[in-house]
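Keep in mind that the numbers below use all heavy atoms, side chains included, and drop hydrogens, waters and symmetry copies.
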Protein chains: 2
Amino acid sequence: MTTRDTYRHGNLRHALIAAGVELARAGGPDAVVLREATRRAGVVPNAAYRHFTDRRALLSAVSQAALAHLARAMEHTLAQAASDEVNQSAAQAASRPGADTTSLSADAAPDAAATAAHARLRALMRGYLGFAQAEPGLFRAAFATTEMADTDAEAATGAGGRTAFRMLADALDELTACGAVPPERRPGSEYFVWATVHGMATLLIDGPLRHMLPTQVEEAVAQVMEAVGRGL
Amino acid sequence: MTTRDTYRHGNLRHALIAAGVELARAGGPDAVVLREATRRAGVVPNAAYRHFTDRRALLSAVSQAALAHLARAMEHTLAQAASDEVNQSAAQAASRPGADTTSLSADAAPDAAATAAHARLRALMRGYLGFAQAEPGLFRAAFATTEMADTDAEAATGAGGRTAFRMLADALDELTACGAVPPERRPGSEYFVWATVHGMATLLIDGPLRHMLPTQVEEAVAQVMEAVGRGL
DNA sequence: GCATGGATGTGGATGCCGTCCACATCTGGC
DNA sequence: GCCAGATGTGGACGGCATCCACATCCATGC
């Protein structure tokens, strides 16, 4: 379509990954077909082998990109929760005239920091689950590669430079720091949280909850998130 | 190898599923290749189409078989836990001479039933995770089909006629019956448990915990199971 | 006892896919 | 301005899923 005036400088690599992401979005990891990606990039199949040793290598790059999308979705819900918190605190302050609006944590209940940290963790879980539901193909592709240990690799991060897994871990650190989680339970707790949220995601997009009504889904998700909170 | 003296009577169907299970065991769902399965059954590729409309249909049947294997593994650990419990109770009774050995739940602590029910749930979770680790290819194949809602289908059960999911639900019912889980939290709690244990399984076989030492794995698993218990 | 029709397996072909090898072309550094 | 290495092209191979037409077999009904 658009003139490509040569693919030097590694443009083809990016074009192939972008095409692969679209394929994954529409059909999951199995739909990431090397020949189709090259076709969309307006190039002959073999050209891909100058940038990826394998189909698996292309899929792996697509997977990284998908993980980055996941991380961005979580950043988004996290930021949203933060602004909600500010608004809510402001409203509280407004309803209590004379309170100091600038020190948010000091004027609230003693464990305001803990509830805020809990809200952040919940926001991250919501972001994770929301992404899985909004982009099931991308979500599956993100975890399709057996070498998914690269969850913490370079290209799999959001705008803030953190991976999805890292964001969960950081939220747990915050919970521990403000005393909401006993320190002796902190190590390894990201596995619990990640496992639960990831399992819930697969339950929602591939499992028995697949065709539930949105309200029922919402209820099940809320219930699971509460159980996670109790389990920490 | 063995003479087949005709495949009438649907023998070929079973032969193909068996071959598919072996392929899945060795290489996961993608390794379930229709032509290879027919080759192993000593038959021409097209013969498969008399019994399965599709490659996907074959994979689906293999998936059911894999789910049955999972259910059997869980039945096994459950039975083991039951016998352990008997032995332990017997030992307790022996150390307390004069106690009645025949009524196990009556002579123990007030919540003996609850601890036993907890032990059963833990045994099921161990069975789930153990199967995933012992047979990762089969485990992945079990959940490869998008239509995995058939988790509660005919052929996916163990010897006792229950699916893996059902066994978890029954254990939760027992926990509720003996008061270990508040009744208002019971509905939907199987999603929490299943999600956590399933997510943990994928973490163990595909994720960052993949190359952990067995002792570390054991510790992480124990920790997650405790968190589940708290979360219920 | 035997014909017949539906179920089951065979043969051959098509089109897509991943991947390999040899060749063309472009481009940055000398 | 030339050359070497990087990049894209052309053509080919074997494997796969799937389709159509044909062969064979077995149970059923006469």
*What pairs with A:Ala37 under side-chain contact (heavy atoms from CB on, under 4.5 Å), at least two apart in sequence or on another chain?*
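A:Ala37 satisfies side-chain contact (heavy atoms from CB on, under 4.5 Å) with A:Leu16, A:Ala19, A:Leu23, A:Leu58 only.
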
_Taking salt bridge (Lys or Arg N to Asp or Glu O under 4.0 Å) as the cut-off, I'd like each qualifying pair that reaches into residues 155-170 of chain A, sequence neighbours left out, listed once._
A:Arg162-A:Asp170, A:Arg166-A:Asp170

*salt bridge (Lys or Arg N to Asp or Glu O under 4.0 Å) partners of residues 211-232 of chain A, not counting sequence neighbours, each pair once*: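 Found A:Arg126-A:Glu218.
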
*With the sugar-phosphate defined as primed atoms, P, OP1 and OP2, and the base as all remaining atoms, what B/S/- string results for nucleotides 14-20 of chain D, 5' to 3', for protein heavy atoms under 4.0 Å?*
--SBBBB

Length of the [atom1]-[atom2] vector between [X] and [N], whole Å:
X	N	atom1	atom2	value
A:Leu59	C:dG18	CG	C1'	14 Å
B:Arg50	C:dG11	CZ	C1'	12 Å
A:Leu12	C:dT25	CG	C1'	15 Å
B:Asn11	C:dA7	CG	P	18 Å
A:Phe52	D:dT7	CZ	P	12 Å

*asked:* Could you work out, with salt bridge (charged side-chain N to carboxylate O under 4.0 Å, His left out) as the rule, every residue matching A:Arg122, not counting sequence neighbours?
replied: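 Scan of A:Arg122 (salt bridge (charged side-chain N to carboxylate O under 4.0 Å, His left out), adjacent residues dropped) gives none.
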
*Could you pull out all residues at least two apart from A:Glu36 that satisfy salt bridge (charged side-chain N to carboxylate O under 4.0 Å, His left out)?*
A:Arg39, A:Arg40

*Taking B:Thr176 for the side chain and B:Leu172 for the main chain, is one N or O donor matched with an acceptor at less than 3.5 Å?*
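Yes, B:Thr176 side chain to B:Leu172 backbone: donor-acceptor pair under 3.5 Å.
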
*So, is A:His51 close to the D:dG8 phosphate, meaning a side-chain N or O under 4.0 Å from OP1 or OP2?*
yes

